[in-house]
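Notes follow the structure.
Counting from 1, the numbers follow the sequence of the chain as shown. In each ligand, atom 1 is the first atom listed, and ligand 1 is the first ligand listed.
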Amino acid sequence: MSVALDHDRPELAAIREHMIIGGKPWTEGDGDAIPVYDPARGVVIAHQLEAGPRQVNEAVKAARHAFEAPAWRDMLPVARERLLLRLADLVEQHGDELARLETLNNGKLLALSQGLEVGAGAQWLRYMAGWATKISGETLNVSIPFPPGVNYHAYTRPEPVGVVAAIVPWNFPLLMAIWKIAPAVATGCTVVLKPAEETPLTAIRLAELALEAGFPPGVVNVITGRGEVTGAALVAHPDVDKIAFTGSTEVGKLIGRQAVDDMKRVSLELGGKSPVIILDDCDIDLAIQGAAGAIFFNQGQVCTAGSRLFVQKGIYDRVVAGLADIASGMKLGSGLDPDTQIGPMISARHQKRVLDYIAIGKQEGARMLAGGAADEGEGYFVRPTVFAHAPAGARISREEIFGPVVVAGAFDTEEDAIACANDTQFGLGASIWSNDLTRVNRLVPRIRAGTVWVNTHNMLDPHMPFGGYKQSGIGREHGHAAIDMYLEKKSVCMAYPAAH
Ligand code: NAD
């Protein structure tokens, strides 16, 4: 371990450098260990193993074995529910350690780690626990006419899809791990989870807590390593039945192609470039705060970040000036400091990517009203940045930057607003800010996005399906829709004599 154990800092004591395969710590990887950073200081806090094909095979074997084992296969739904509820309790009991560990490794504000990674994580576990006992098929009224004198009783049987390869990004590491594991195990699947190489630490702790909760060994496995090595080997493994992926559209397409080759089930939660549409009848102060929250929350490292702002002429100047003021006043710093409003980017590489986009925006001729330069010194910081007057087709308006960078533009009519909002390859989220229900109701059906918020942005609930239109993905997480993604539907057809 690269940092001294300090028991006043529970997050340091919670660092694990092994993987969890078949219910046991697995200490052997393939090749060199990979450093894990604290992005607020730019220092190494741990090392992770890299699973190569051999370790991936062990993990998939363990998940298959657990899937077939009577202890899991024959477990009553209510017992799976109880395990998930116990895991939710353990996540809360270890909430301080998990939240601090997440902030240390990811850089996000501690309040976000507490409220979302831990708080919402426990909420999602409990919600999905409830589904374990509510999965049902249908009785089918069939009309099969042959042979004469025979009747049929037909019904569907939902069955777990099998071994799930879950691959998640670094922006909400614990929550995303839970978003995959909870519906998978609620339906009776088993899981091999690969966290992002930037943020493996809370996922490993979650797998340990799952064992403590009583999940049989092999039901929840966590392997670590880079996407192109560990992730690729997991996706290619012939004994994986389903791939549940959250990440970039680019990698999602790769995985989707490979899944189709092998006919693996696949769900893809991908990138976005979500519009924030502010109509001139809105509560302007609320809308300004809302637009700032939509883009600067989690440093803009959010798939539904409101990175394209469209404001109706008439209030445009006031809204954009207000947003630039907020951006300029935000305090950068460590997520562990309660005064911090903007934490670091996840990595030096990502910081460079975001700064490169800011340079591109300037070259493209957009006007930068706030932000831009990274602070000097340690940590991977980028100032919250507001661009306006970007030329048509500008890359900063079209490509996902995944940082605290918003591009503002003005529109005239509702038709213009719709055209602007839909002028993107993505379709993950959108928000409308207005107090006029008639206008809102006219706009909502015409926005091509998986979630539309009104007078709010980025609000999620375990009962609300979440996913993308267009290149933002395939499938829906949360709610009943998520359960369906982990089930196969078997039709059963039984013949019996019509009369004796
Ligand atoms: P990424 O696609 O680079 O990586 C995501 C995960 O895939 C990581 O675990 C990575 O190791 C793995 N991976 C990378 N290459 C792989 C390969 N060839 N085979 C298998 N696995 C591979 O994305 P990122 O930079 O970690 O995350 C940011 C992206 O995630 C953004 O585009 C963001 O919009 C998206 N995202 C989407 C959602 C959503 O729900 N739609 C949520 C969060 C993030």
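- Taking E400 as the reference, nothing meets the side-chain hydrogen bond (donor to acceptor under 3.5 Å, both in side chains) condition, with sequence neighbours excluded.
- The nearest heavy-atom contact from the protein to atom 34 (O) of ligand 1 is E400 OE2, 2.6 Å.
- Not one N or O of R226 is nearer than 3.5 Å to an N or O of ligand 1, by distance alone.
- Considering both main-chain and side-chain atoms, L254 never comes within under 3.5 Å of ligand 1 through any nitrogen or oxygen pair.
- Distances shorter than 4.0 angstrom do not occur between any heavy atom of G468 and any atom of ligand 1.
- Near A232, with a cut-off below 4.0 Å to any heavy atom, the atoms of ligand 1 are 19 (N), 20 (C).
- Using a 4.0 angstrom heavy-atom cutoff, P195 counts as in contact with ligand 1.
- At least one heavy atom of F245 lies less than 4.0 angstrom from ligand 1.
- Between I255 and ligand 1, a contact under 3.5 Å exists for no N or O pair.
- A distance of 9.0 Å separates CD of E28 from CG of L49, quoted to the nearest 0.5 Å.
- Cation-pi contact between K242 and Y486: present, with separation from the ring centre below 6.0 Å and deviation from the ring axis of at most 45°.
- For M176, the closest heavy-atom approach to ligand 1 falls below 4.0 Å.
- If you look at L428 next to ligand 1, the close heavy atoms, those under 4.0 Å, all belong to the side chain.
- With a 4.0 Å heavy-atom cut-off, ligand 1 is reached by the side chain of N171 but not by its N, CA, C or O.
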